[in-house]
Structures are given as C-alpha cells and as structure tokens.
Amino acid sequence: MTIQLRELRLPEDYTALAALLNTDWSEPTTAEQLEEEDAKLYKVGHTYKDEEGRIAGYDRSRRVAVTPKGEIVGYVTTWRAPWTAPGHLNQTLLVDVNSRKQGVGQLLLHHALEWSRLLGADTLVTQTWDDSPESLRFAERNGFVKERHTFQSVVEIGKVDWVAIGGEEAIQSMERQGLRFTTLAEEQGADSEQKIYELYKQTLVDIPGFTGDVPVIGEWRKWYLQVDGYAPERVIIVADGDTYLGVSNVLYNPQTNGMYHEYTGVSRDYRGNGIAYGLKVQAISLARQQGAAYIRTDNDSTNAPILHINRRLGYEPLRGSYRMVGEVQNILQEQQAL
C-alpha cells in the first residue's frame, strides 16, 4: 500500500479525523468540536529563541497519511503553546489499527522530527497508552524514554454509596469551618474568574509532572473554561467569605452522559482540611442531580493525596499513559539506524 503525507485540509478533513481520533481517545469527539477547538487557536505561528537559545513562542504542524483512495489512515500534529517549556514540542501521533506495521508511523514521525529540527526544538514529548505494548515499543525503538505515568479512573454514579463516602459529613465539615460551597454561575463576573485563575496559577505548578508556564488569563479562559462540556454551574468553589480556597471544574459529555473531572485545586495554606474531598463529593452530588452515568478523571501515579481521595470515593483505575520524552537529535539518529 502506497501511503502519502499531506497537510490537513479543512474543513473537509474534520469528519475523517474525528473518526480516527475516536479509535484511540477515551472520550469521543466530533468534527464540530474539532472545528471549534481550531477556531480558538492562532492562525500564524510565531517562534523565537529565548535568552538561553532555546525555542519559545508558539506554532504547530499537522499532517495526515492517506491511501491512494484518499482515506486518512494516520495523523500527526506537533506543536508548542506559548506556555510550553523552552525547547520543547508536543506531539500526537496516531495510525489506524489496520494500517500499522506498514511504515505509516515512521513517515509521520519523520515529518514531525524534520519540522522540529527546522524549528530548532531540542525535546519532543508524546504520550502512549500503557495497555498498548506496540505503541510503547514504537516510541522506545525511536529513542523516546518513559518520564512519567498517569492513569484514568472512573466512578459509576449509580454505584456510589452516599453514606459510605460520608457525603453529608464532608459538606457539613466545610460549613463547620465557616466555609461555603458556591459555583461560578452564582458568582459570575470578571472578578470571580480572576480569583479562580489565581487559584489555578498557584496550584497547577504543584501537580506532579507539570512543566512550562501557567497560561496567561486569556489563554487559560479559552482552554480551561471555554471548552466542550463546560458550564459555570459545574465550576465548584469553596470560599471563605470572598476568598476562594478551592476549585473543581467538571465537564459534561452528552454523547456518553458522562462527566470529566478536569481540575481540582486547593490553596496551599488550606490543604489538609478536607477541602479537596469536599469538592469531589460536591462533584458527585452534581452528577447525581444531573443523572450522569459516571465521572472520569486523570491523575499522575505519584500524586498520592488525590489518589487517596479517589479511592475513598470509589474511583476504579482504568488504563493509563506514559509521558515519553526524546531528544530530537537522538531520535533522528535512531531513525537513521532503523
């Protein structure tokens, strides 16, 4: 089978791209959702070298692998956001399961590497599912090494024992401390978003494996609030008067009737007081009220405090992923040796 690479043609490729991504992603997407995501991005990239001579700024490249009939059987996107760590590029590479072991992945990776080299990047970061040994072998054979392990967990709302998890007690514990639960829907306005953003700024950097910088507020708003499944009534806040101590953002997917726990963060000075547990309990309460089937989340395997909370709440581990990191020059050398 003769495979060729070409640029992504939009909007006509969105439907086929969504179908390919849905063979691999844990939560489904649609052509419309992909187009909405693209609408939030810059039209022209801009990269430069920082004071240490490492690439900074933002840009991206996207290619699809197509058969002689024009069918899309592979996809690679290589990018960096303004807040990506200096010198780094991120990569997503996917080959249709029926087209693997035919050199498609190598073609896609070669393009990503050449683009990375021309841009002047020194490090390429990608992800592989931990239950896909062939994907892991492909990455390691090409010079990537494991850096971190994250995994997904899910709690089925219908199986949650509200009494056993101490749902009411967790909520009352907040009240006894003089704290209150609220939502962004109840506290609308730029000031409220600014306070939530300040919580994210403080807590994002404490997540194991976090690299780079925290996005500026405009980009944070686009990529954390203005996303599919977002609603202000699902941004749960724990407040002490007008001070926000903790936040939890829960997204809803109508395609699966499921929720995704996008983020939970608690101010450093108030950790250890049950606030994170209370936020998670409130998320489950919200899911029960909405009739959602489940809540899914992702966590770093070394984030012991949040993993302990999830276990108490009945979250069950699912498949995970490895963060794979490679030096661009080393990977190019590995490719030449293959």
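Only heavy atoms go into these numbers, but all of them, side chains included; no hydrogens, no water, no symmetry mates. Residues take their numbers from the sequence shown, with the count starting at 1. The model shown is predicted, which means the values in this text are computed figures rather than measured ones.
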Heavy-atom pair with the smallest gap, counting every atom of [X] and [Y]:
{"X": "R80", "Y": "A85", "value": "NH1-O, 3.1 Å"}
{"X": "S132", "Y": "S135", "value": "OG-OG, 2.7 Å"}
{"X": "V328", "Y": "A121", "value": "CG2-O, 3.7 Å"}

Does the side chain of [X] pick up a donor-acceptor pair with the side chain of [Y] at under 3.5 Å?
{"X": "Q194", "Y": "E198", "answer": "yes"}
{"X": "N257", "Y": "Y294", "answer": "no"}
{"X": "R148", "Y": "T302", "answer": "yes"}
{"X": "N142", "Y": "Q106", "answer": "yes"}
{"X": "D59", "Y": "Y42", "answer": "no"}
{"X": "S248", "Y": "T264", "answer": "yes"}
{"X": "T297", "Y": "S153", "answer": "no"}
{"X": "Q102", "Y": "S99", "answer": "no"}

Does [X] use its side chain to pair, donor to acceptor, with the backbone of [Y] at less than 3.5 Å?
{"X": "S192", "Y": "E187", "value": "yes"}
{"X": "R6", "Y": "V64", "value": "no"}
{"X": "E186", "Y": "T183", "value": "yes"}
{"X": "N303", "Y": "N299", "value": "no"}
{"X": "R63", "Y": "Y75", "value": "no"}
{"X": "Q188", "Y": "A185", "value": "yes"}
{"X": "H110", "Y": "L108", "value": "no"}
{"X": "R319", "Y": "D130", "value": "no"}
{"X": "R234", "Y": "G229", "value": "yes"}
{"X": "E193", "Y": "A190", "value": "no"}

Greater than 12 external heavy atoms within 6.0 Å of [X]'s [atom1]:
{"X": "H149", "atom1": "NE2", "answer": "yes"}
{"X": "K222", "atom1": "NZ", "answer": "yes"}
{"X": "E37", "atom1": "CD", "answer": "yes"}
{"X": "D242", "atom1": "CG", "answer": "no"}

Identify which one of Y244, F210, Y224 satisfies the ring-ring contact (aromatic ring centres under 6.0 Å, His included) criterion when paired with Y200. Y224
Heavy-atom side-chain contact between [X] and [Y] under 4.5 Å:
{"X": "V250", "Y": "Y260", "value": "no"}
{"X": "L41", "Y": "Y58", "value": "no"}
{"X": "T23", "Y": "V97", "value": "no"}
{"X": "T256", "Y": "P28", "value": "yes"}
{"X": "L251", "Y": "D228", "value": "no"}
{"X": "V125", "Y": "L89", "value": "no"}
{"X": "N90", "Y": "T84", "value": "yes"}
{"X": "Q255", "Y": "E27", "value": "no"}

Y277 ring centre to R312 NZ or CZ under 6.0 Å, with the angle to the axis within 45°? yes
Please say whether the positively charged group of K280, taken as NZ for Lys or CZ for Arg, lies over the ring of Y315, i.e. under 6.0 angstrom from the six-membered ring centre and within 45 degrees of the axis. yes
In this structure, which one of Q127, Q91, E140 forms a side-chain contact (heavy atoms from CB on, under 4.5 Å) with M324? E140
Is it true that H261 and Y263 have ring centroids separated by less than 6.0 Å? no
Using the rule given for salt bridge (Lys or Arg N to Asp or Glu O under 4.0 Å), can you reason through R62 versus D13, listing the C-alpha separation, both sets of side-chain angles and the distance that settles it, and then say yes or no? CA-CA 12 Å; R62 297 189 286 184; D13 282 344; over 6 Å; no
Regarding E12 and R9, does a basic nitrogen lie under 4.0 Å from an acidic carboxylate oxygen? no
Could you give the distance from CG (L20) to CD (E71), rounded to the nearest 0.5 Å? 12.0 Å
Are V266 and I196 connected, step by step, through hydrophobic side chains (Ile, Leu, Val, Met, Phe, Trp, Tyr) whose heavy atoms are closer than 4.5 Å? no
Salt bridge (Lys or Arg N to Asp or Glu O under 4.0 Å) evaluation trace for R271 with D206: CA-CA 12 Å; R271 293 172 189 171; D206 291 339; 2.9 Å; yes
After noting the C-alpha distance and the side-chain angles of K159 and E316, does the key distance pass the salt bridge (Lys or Arg N to Asp or Glu O under 4.0 Å) rule? CA-CA 11 Å; K159 294 182 179 180; E316 297 181 356; 5.5 Å; no
